[in-house]
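Only one structure is covered here, and it is reproduced in the block below.
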Amino acid sequence: MMILKSKSKYDLESTLYSGQCFLWNPILSDNLQAHEIVLGGTRFRVQQLSDKIDAIYPLNITQNQSLILQNHLRVDDDLGYIYQSIESDKYLLSSFKKFEGLHLLRQDPWECLVTFICSSNNNMKRIKLMLNKLINSFDNTHTDSLGEYKTFPTPDQIIEAGEEHLRSLGFGYRAKYIFETSRIILYENIDLLKLRSQNYDDNLEQLTMFPGVGDKVANCVMLFSLDNLNAFPVDVWINRVLREIYLNDSKNKIADSRLRSHFQSYFGEYSGYINHYLFHSRRND
DNA sequence: TTTGGACCTGTACGC
DNA sequence: TGTTTCAGGTCCAAA
């Protein structure tokens, strides 16, 4: 075991299951609630220990593995700094208090892109089911001291398997989107990780070129995997909060992309972090 | 620039 | 048991 250093209090449960990532799985281990994920080909397990995170697997975790985990969990984020910036906002202040320690995650951009293409017109339970089916339908099996585990399929594996394969797994019309997106990434030789060094506008333009990726999905991918902390996904939940709390208007139609750009300016450079607190609070009302 | 309908599927409903 | 609705949207055509 190894306690990960984090800059702020860390709420693992809220962070892992707040709807930003669907690849974490709860594990009951030694009567303690642990959580498991595969990152960069390695299986990791963590558990909450007071305000911190205890990395319990791999057993003799290397420095490099520890960095991979810390990087994914964004333990260096200074939540106190973000809290300060919204001190005058009573609604936000109460939700920051209620979910103190909720962090964003830094996911793999490819896995995140597939996840949120799946999310369209869909619910959380089924998104998770679809991703599990996808992972289990490929033979990317690895073995460690806990047994076998699988890694996420690559774009070329998805192309080789074909669109029909995705349809047979229950992806519906999203099968075509994921298949075509895989083709574009492979044939145009796109390195999604490089997008981390690009700004918001360039990434929005790049991501919305993929079929099945509109404003909302692109903003999710940017916020949850590309370090664009000013990304601001507007879905039905965020739409409700913004109207009820900030606009006092639940009737007039306003395009989501207009709401998005308005509140990006309003909330500032960490608007994406604020977005996630608004989302999580509204869903847990 | 905006609007409305179609799109896969599983589930929660009403009968 | 058999419809209808809805779920963290996107795309396309038409106004």
Side-chain angles (χ1 to χ4, degrees), chain A residues 14-24 95 99 102 104-105 107 111-134 136-137 158 161-185 203-226 228 231-245 249-264 271-285:
Chain A
S14 291
T15 299
L16 305 187
Y17 307 112
S18 56
Q20 57 175 319
C21 182
F22 297 85
L23 299 174
W24 277 94
S95 82
F99 298 105
L102 170 65
L104 289 176
L105 294 169
Q107 300 176 54
E111 296 174 3
C112 194
L113 180 58
V114 173
T115 296
F116 285 95
I117 290 177
C118 289
S119 77
S120 81
N121 211 357
N122 213 341
N123 58 61
M124 290 169 69
K125 191 178 162 191
R126 197 170 147 233
I127 296 166
K128 185 156 181 58
L129 186 73
M130 284 161 69
L131 292 173
N132 280 336
K133 278 188 185 174
L134 179 68
N136 287 320
S137 73
I158 285 178
E163 184 183 326
E164 271 311 306
H165 175 67
L166 297 175
R167 280 194 179 267
S168 74
L169 297 175
F171 278 63
Y173 64 88
R174 305 168 197 85
K176 186 178 178 182
Y177 294 156
I178 291 170
F179 180 73
E180 292 298 333
T181 295
S182 301
R183 282 175 48 141
I184 293 170
I185 287 172
N203 280 342
L204 181 63
E205 189 181 345
Q206 167 77 260
L207 290 171
T208 48
M209 282 169 59
F210 293 124
V213 180
D215 198 88
K216 191 269 177 183
V217 170
N219 273 271
C220 284
V221 175
M222 285 191 276
L223 184 60
F224 303 140
S225 75
L226 295 178
N228 293 126
F232 198 89
V234 177
D235 57 30
V236 294
W237 296 94
I238 289 293
N239 191 306
R240 282 175 202 150
V241 180
L242 297 178
R243 286 165 176 282
E244 290 167 8
I245 310 295
D249 172 7
S250 55
K251 288 177 189 163
N252 289 318
K253 270 205 164 183
I254 308 171
D256 284 346
S257 59
R258 285 190 62 194
L259 276 180
R260 192 254 298 154
S261 57
H262 173 79
F263 281 96
Q264 280 179 308
S271 46
Y273 241 106
I274 291 166
N275 177 294
H276 200 58
Y277 273 85
L278 291 175
F279 176 76
H280 193 58
S281 309
R282 187 63 173 78
R283 282 187 60 93
N284 289 282
D285 264 354

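Computation of the quantities below employed the complete heavy-atom set of this structure, encompassing side-chain atoms and omitting hydrogens, waters and symmetry-equivalent molecules. Keep in mind that this is a model prediction, so the values were computed, not measured.
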Nearest atoms (heavy-atom pairs only) where [X] meets [Y]:
X: A:L169; Y: A:S137; value: CD1-OG, 3.6 Å
X: A:Y277; Y: A:L102; value: OH-O, 2.7 Å
X: A:P211; Y: A:I184; value: CD-CD1, 3.7 Å
X: A:F22; Y: A:F116; value: CE1-CZ, 4.3 Å
X: A:M222; Y: A:A231; value: CB-CB, 3.8 Å

Given that both pair distances must be under 3.5 Å and the pair must be Watson-Crick or G-U, what runs of three or more consecutive pairs involve DNA chain C? B:1-7 with C:9-15
Take atom [atom1] in [N] and the same atom in [M], then report the distance between them in whole Å.
N: C:dA7; M: B:dG14; atom1: P; answer: 15 Å
N: C:dG8; M: B:dG4; atom1: P; answer: 22 Å
N: B:dC8; M: C:dA13; atom1: P; answer: 15 Å
N: B:dT11; M: C:dT10; atom1: C1'; answer: 23 Å
N: B:dA6; M: C:dT5; atom1: C1'; answer: 16 Å

Using atom names, set out every protein N or O paired with an N or O of nucleotides 11-15 of chain C below 3.5 Å, distance rounded to 0.1 Å.
unit_1, atom_1, unit_2, atom_2, d
C:dC11, OP1, A:G212, N, 2.9

In whole angstroms, how far is the [atom2] atom of [N] from the [atom1] atom of [X]?
X: A:F116; N: C:dG9; atom1: CZ; atom2: P; value: 11 Å
X: A:L113; N: C:dT10; atom1: CG; atom2: C1'; value: 14 Å
X: A:K133; N: B:dC8; atom1: NZ; atom2: P; value: 16 Å
X: A:I117; N: C:dG8; atom1: CD1; atom2: C1'; value: 15 Å
X: A:L166; N: B:dC7; atom1: CG; atom2: C1'; value: 16 Å
X: A:I127; N: B:dG10; atom1: CD1; atom2: P; value: 15 Å
X: A:F232; N: C:dG8; atom1: CZ; atom2: C1'; value: 14 Å
X: A:W237; N: C:dG9; atom1: CH2; atom2: C1'; value: 16 Å

Positions of residues 119-126 of chain A (non-hydrogen atom under 4.0 Å from DNA chain B), listed by number: A:N121, A:R126
Do the rings of A:F232 and A:F263 sit parallel, tilted or perpendicular, given the 30° and 60° boundaries? parallel
Verify the ring-centre separation between A:H276 and A:F224: is it less than 6.0 angstrom? yes
Mark yes or no: A:R282 above the aromatic ring of A:W237, with NZ or CZ under 6.0 Å from the six-membered ring centre and no more than 45 degrees from the axis. no
Taking the side chain of A:R258 as its heavy atoms from C-beta onward, which of B:dC7, C:dT10, B:dT2 lies nearest to it? B:dT2
Name the closest nucleotide to the A:D235 side chain, picking from C:dA7, B:dC7, C:dG8. C:dG8
Treating A:Q20 as the side-chain partner and A:T15 as the backbone partner, does any N or O pair qualify as donor plus acceptor under 3.5 Å? yes
Have a look at A:R167 and say if it touches a base, only the backbone sugar-phosphate, or nothing, with a 4.0 Å heavy-atom cut-off. sugar-phosphate
Would you classify A:D256 as touching base, sugar-phosphate or nothing, given that sugar-phosphate means primed atoms plus P, OP1 and OP2, and contacts are heavy atoms under 4.0 Å? nothing
Between CG of A:L278 and CD1 of A:I238, what distance do you get to the nearest 0.5 Å? 5.0 Å
Starting at CG of A:L204, measure out to OG1 of A:T208 and round the result to the nearest 0.5 Å. 5.0 Å
Test applied, side chain to side chain contact (heavy atoms under 4.5 Å, CB included); reference residue, A:L223; option that passes from A:L104, A:L105, A:N228: A:L104
